[in-house]
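What follows is a single structure, written as structure tokens, with notes after it.
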Amino acid sequence: MTRKYFGTDGIRGEVGVFPITPDFVLKLGWAAGCVFAREGRSKIVIGKDTRISGYMFESALEAGLSAAGVDVLLTGPMPTPAIAYLTRTFRADAGIVISASHNPYQDNGIKFFSAKGTKLPDPIELAIEAQMDLSMSTVNSAQLGKARRIEDAAGRYIEYCKGTVNGNLRLKGLKIVLDCANGATYHVAPCVFQELGAEVIEIASSPDGVNINLKSGATDVTALRKVVEAEGADLGIALDGDGDRLIMVDHQGVVVDGDELLYIIALAMRAQGMLSGGVVGTLMSNFGLEQAFKREAIPFMRAKVGDRYVMEQLQAQGWDLGGESSGHIVCKQLSTTGDGIVAALQVLKAMADTGKTLAELKQGVAKLPQKMINVAVPKGVDPLGVSAVQQAVQQAELQLGDRGRVLLRPSGTEPLVRVMVEGEDSALVVSLCKELAGAVEKALSGLVT
């Protein structure tokens, strides 16, 4: 069945524009509450990031859930992976995160976790959407849900994060610059690294409701690189607004992205005998990462873009490690979803175990030059099904041979197709991408009547 509201990562959009409106979120809370309450009295954990609109949507969700007879546990600002963890530890029936992740403050969204801390199963999402079509009602007063705040939510999550690494890990002598993106990790991430002994220099850790992800965090490490170099730090850690992404910077200010972090963690896990099977990347993972894993005899496969699809492949393969170039890293033995702090700790542990710097640990990945161009797609057209487009792709692939790859990927949020070329020869990659994008644009423009 086609979903009306849920996307690959919950429901997201601009605040005040349907469906990200108070009335819709009120009814969404009620509908979800009705579905979860069918098995009897239930409780749901609600967390949020630091957007100013979070207060409004938190109240709306609380009211809707209460009207359905569901109890609510409020955490206040907390990272998305923290809500997945707290949902499990409180034996709640579901968790809800109010966040638009790495988007600017004008956007917001609603994401659900199951009782196991994983994405909701499709039948549950469809049941909630079906309930949305019904008229809202309220249980009698004696059955209304109650709300209370989890006062020690931050402390619980800090201890959980520290518990994902060996109890002997000490970060004393390590100087870290930590960029919290003025988001949900601002009050927990510094504590994690400080309590393990590191000297932490905080930036973008003073949220005001509108500065989340603003020129900071995992999507913009410009400021982080400058501070790392100026302070002579050992490395920099950048999290995004809801704490599920990680990008790092080495002591020279060089960016270490999700592909390289995935490689570092995979080799560390293998050295500990903890790497079960192989590693899942995505269609956007650099070809150099695939080559690096091939040299290490570590199985590698690609999922569709999105941490949801990475997790699906991990479950299907029975593997434990996967991630995206953007910094979503899933360590399935440790967490049920992408967790920036947990992933950073795995990298720091690898540094401690090997005595190597971050720059040295990433040396095994020789990333290939990559070029991407977005091409507009006419409404109702599947660009991958157009024969002229297919022929253009085949021509590009012939020129690359086994020295690179071509990818055409329709955007999940915009009327665009992303044309990407990777290869060993940088000049060839750029020229091929431009030629291919031009051929795709010409083929698609010919379909407009």
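Values below: all heavy atoms of this structure, side chains included; hydrogens, waters and symmetry mates excluded.
With rounding to the nearest 0.5 angstrom, the CE atom of Met301 is 11.5 Å from the OG1 atom of Thr282. Between atom CG of residue Asp93 and atom CD1 of residue Ile44 there is a gap of 7.0 Å, rounded to the nearest 0.5 Å. Note that the CD atom of Gln272 and the CD atom of Gln346 stand 7.5 Å from one another [nearest 0.5 Å]. Between Leu407 atom CG and Arg302 atom CZ the span is 8.5 Å, to the nearest 0.5 Å. Separation of atoms CZ (Phe6) and CD (Glu125) is listed at 5.0 Å; rounding is to 0.5 Å. With values rounded to the nearest 0.5 angstrom, His187 atom NE2 is found 5.5 Å from Met78 atom CE.
You'll find the side chain of Arg418 stays beyond 4.5 Å of the side chain of Leu408, heavy atoms only. Looking at Leu345 and Cys161, their side chains come closer than 4.5 Å, going by heavy atoms from C-beta outward. You'll find the side chain of Ile203 stays beyond 4.5 Å of the side chain of Leu178, heavy atoms only. Side-chain contact check for Val228 versus Lys175: every heavy-atom pair is 4.5 Å or farther apart. Taking the side chain as every heavy atom from C-beta outward, Leu28 and Ile11 approach each other to under 4.5 Å. Looking only at side-chain heavy atoms (C-beta outward), Ile237 and Leu246 come within less than 4.5 Å of each other. Contact check for Ile98 versus Ile110: side-chain heavy atoms found under the 4.5 Å cut-off. Annotation: side chain of Thr222 is not in contact with side chain of Lys215 (no heavy-atom distance under 4.5 Å).
Asp240 and Ser101 are linked by a side-chain donor-acceptor pair at a separation below 3.5 angstrom, with hydrogens and angles left out of the test. Between the side chains of Ser325 and Asp259, at least one donor N or O sits under 3.5 Å from an acceptor N or O. The closest side-chain donor-acceptor pair between Gln131 and Arg38 falls under 3.5 angstrom. Under 3.5 Å, the side chains of Tyr157 and Asp339 contain a donor-acceptor pair of N or O atoms. A donor-acceptor contact closer than 3.5 angstrom links the side chains of Ser53 and Asn108. For Gln370 and Glu422, the side-chain atoms include at least one donor-acceptor pair closer than 3.5 Å.
Because its NZ or CZ atom is both nearer than 6.0 Å to the ring centre of Tyr55 and within 45° of the ring axis, Lys48 counts as a cation-pi partner of that residue.
For the pair Thr354 (side chain) and Ala350 (backbone), a donor-acceptor distance under 3.5 Å is present. Under a 3.5 Å cut-off, the side chain of Asn213 and the backbone N or O of His102 do form a donor-acceptor pair.
At a threshold of 4.0 Å, the pair Lys119-Asp307 counts as salt-bridged, since one of the basic side-chain nitrogens sits closer than that to a carboxylate oxygen. Salt bridge annotation for Arg270-Glu296: present, with a cationic side-chain nitrogen under 4.0 angstrom from a carboxylate oxygen. A salt bridge does not link Lys43 with Asp71: none of the charged nitrogens is closer than 4.0 Å to a carboxylate oxygen. A salt bridge links Lys349 with Asp353; the closest basic N to acidic carboxylate O contact falls under 4.0 Å.
Phe112 pairs in a side-chain contact (heavy atoms from CB on, under 4.5 Å) with only one of the listed residues (Thr87, Ile96, Val97), which is Ile96. With Leu348 as reference, Leu171 is the one residue of Leu358, Leu171, Leu196 to meet the side-chain contact (heavy atoms from CB on, under 4.5 Å) rule.
Ring geometry for Phe293 against Tyr263 counts as tilted: the plane angle lies between 30° and 60°, on a 0 to 90° scale.
Nearest heavy atoms, Ala154 versus Val188: CB-CG1, 3.8 Å.
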**OP:** With salt bridge (charged side-chain N to carboxylate O under 4.0 Å, His left out) as the test, would you mind laying out the steps for Arg12 and Asp107 before giving the verdict?
**Re:** CA-CA 7 Å; Arg12 188 182 298 183; Asp107 294 341; over 6 Å; no
Subject >> Test salt bridge (charged side-chain N to carboxylate O under 4.0 Å, His left out) applied to Asp122 and Arg308, step by step >> reply: CA-CA 12 Å; Asp122 291 345; Arg308 180 189 191 107; 3.1 Å; yes
